[in-house]
Structures are given as structure tokens and as C-alpha cells.
Amino acid sequence: MLEIKNLFCHYGKRCVLENINLSFEEGKFYAVIGKNSSGKSTLINCISGVKGYGGSIVCDGRDLKSISDKERAETISCLYQNATQSSFTVREMCAFGRSAFRDEKAERESRVDRALEKAGISHLAQRRACEVSGGERQLCYFAMNLCQDAHILLLDEPTSNLDAEHEALLLSAAKGMCCEGKTVICVIHNLSRAIKYADNVVVIDGGKCVFSGRKEECLEKNVIEKNFGVKKYAVNDEIFFAV
Ligand code: ADP
């Protein structure tokens, strides 16, 4: 269980996250939604440890500020926005996910194989990460996260460069991690996809959490319609939102 208590976050004097209190359970997919600049990425960056904050973030009773780098690598992985270029091969990049661990070579290789397969990029393994498309590079970083095999997977707009097929592949693979007991926390702009894959929904608006609850409650209370000014419609049991 990951618990965020009284979280505040500032850039200079400007407060961009205010009194956030959230709990994330094991085995669940959390969609974090909100308009641009509402504070979603900042929340992810606080949890991943790259942005300082006030308040506490506690995982299984341990404050994340007090754990070692290795424990952090076991606990949290993060797929950030804007995957950067690299001259390493896709396979080498993927293996970096295990750099905090002392795996035997055979175990590491098998973890890399599995992660590449789950991310659908086994065929790219020997290509250099700077010589693949933006979408393929995003999947490469996703594979690195899968390979790390942390308890909590943070995804910040993971599908922004992906076509519909690869978007579905990535989100399905992330959802599959929940079946293995992992917690997935995914910032996502596509509201329909958010509802399709999420167990729970978190809505951030103006640096505050304005809703956190089960997907069914979110739909019953028309939370998305009220917060995004959209209308809901259903096609073949799938829910869509449009302005
Ligand atoms: P979102 O992910 O919801 O689009 P962000 O968390 O990126 O929002 O940003 C929240 C607010 O913090 C925005 O007003 C943004 O301009 C500001 N912000 C984000 N990053 C920085 C930064 N490095 N320095 C100063 N302000 C920032």
C-alpha cells in the first residue's frame, strides 16, 4: 500500500500541489487524469523521488525519503515523458532496469527477454535506441520499467507517441502487471482509455485532488463530465467522452 499524506509541492514560491492525500492498493490500475498544468506530472515526480515535497509518501509503512537506492529500485519504477535518445541498443537499455540489482547473468537475460516480449519489441533488441521511432523508443523505456520489476509502476503519459495498436499493447501490458500484484499509477489524457483500463480514478485540478475513487463511482457521479466539460456516450459497451 502506497500512502500519500498531506503532500505539498512548490516550484519556487508557487504551490503546485496542495494537501494531497491518496492511497494506492496493490494489484490495481490507477488512472490519474486532469487538465494540462493541473499537477499530474509533479505528483508522479514526487512519488518517484525526483521532486522534493512536504508531507510524506509511505510504502508499506516505510517513508520513501528514508529508503536506500536499492530499496527504491525494488519499490518504484517510472516511465517519464519524453523518452530521450540513446546510442545503447534497445536490449542494453532494457537491461538498465536491473542496474540496481545483482542478478546472475542468466536471470538478467531472461528478465530482459520477458520485458522486451511484453513490450512487443523483441524484434528491435539489437537496434540502437537512437535509431528507432519515437514510439518504439517509448516502448523501449517501458520495457526497461517492466524489467526493473518494481512493486509500483509510475507511467507519465506513456502512450503519447503511440498509435492505437501500440497504445492498447502498452496499457494491456501495464494492466497485466496488476494481475501480478503490482500497483500501476498512470497519467493519461485519453479519458476513454483511462476508464477502459482503470480500476480507480484520481482527478487532479489546480493542484488539488478533486476525486479519488473506484471507476464505477467516477462514472455514476459524472465526475469526468463535470471536470472536463465533456459528454459521455457508449459504443458496443465501451465508454467514450467527447466535447
Ligand atoms: P500536468 O502534468 O498536469 O500538465 P505539471 O505537474 O507538469 O502539470 O505542472 C504543474 C504546474 O507546475 C504548472 O503550472 C507548471 O507550469 C508548473 N511547473 C512544472 N514544472 C515546472 C518547473 N520545472 N519549474 C517551474 N514550474 C513548473
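Hydrogens, waters and symmetry mates play no part in the numbers below; they use all other heavy atoms, side chains included. Start at 1 and go down the list; that is how both ligands and their atoms are numbered.
- Considering backbone and side-chain N/O atoms, Q81 never comes within less than 3.5 Å of an N/O atom of ligand 1.
- The backbone N or O of D149 sits nowhere less than 3.5 Å from a side-chain atom of R98 that would complete a donor-acceptor pair.
- Ion pairing between a basic and an acidic side chain is recognised when a charged N comes within 4.0 Å of a carboxylate O; D199 and K175 show such pairing.
- Looking at K35 against ligand 1, only its backbone comes within 4.0 Å, counting heavy atoms.
- Taking 4.0 Å as the cut-off between side-chain N and carboxylate O, K231 and E225 do not count as a salt-bridged pair.
- By the 3.5 Å distance cut-off applied to N or O atoms, G39 is counted among the residues near ligand 1.
- Near T42, meaning under 4.0 Å from any of its heavy atoms, are these atoms of ligand 1: 5 (P), 6 (O), 9 (O), 10 (C).
- For ligand 1 and S38, the ligand atoms under 4.0 Å from any heavy atom of the residue are 1 (P), 3 (O), 8 (O).
- The existence of a salt bridge linking D156 and K40 is excluded, since no basic side-chain nitrogen approaches an acidic carboxylate oxygen closer than 4.0 Å.
- Ligand 1 places these atoms under 4.0 Å from at least one heavy atom of K40: 1 (P), 2 (O), 3 (O), 4 (O), 6 (O), 8 (O).
- Using a cut-off of 4.0 Å between Lys/Arg side-chain N and Asp/Glu carboxylate O, E117 and R114 are scored as not salt-bridged.
- Residue contacts with ligand 1 for N36 involve N, CA, C or O but no side-chain atom from C-beta outward (heavy atoms, distance under 4.0 Å).
- L139 pairs in a side-chain contact (heavy atoms from CB on, under 4.5 Å) with only one of the listed residues (I121, V90, L116, N161), which is I121.
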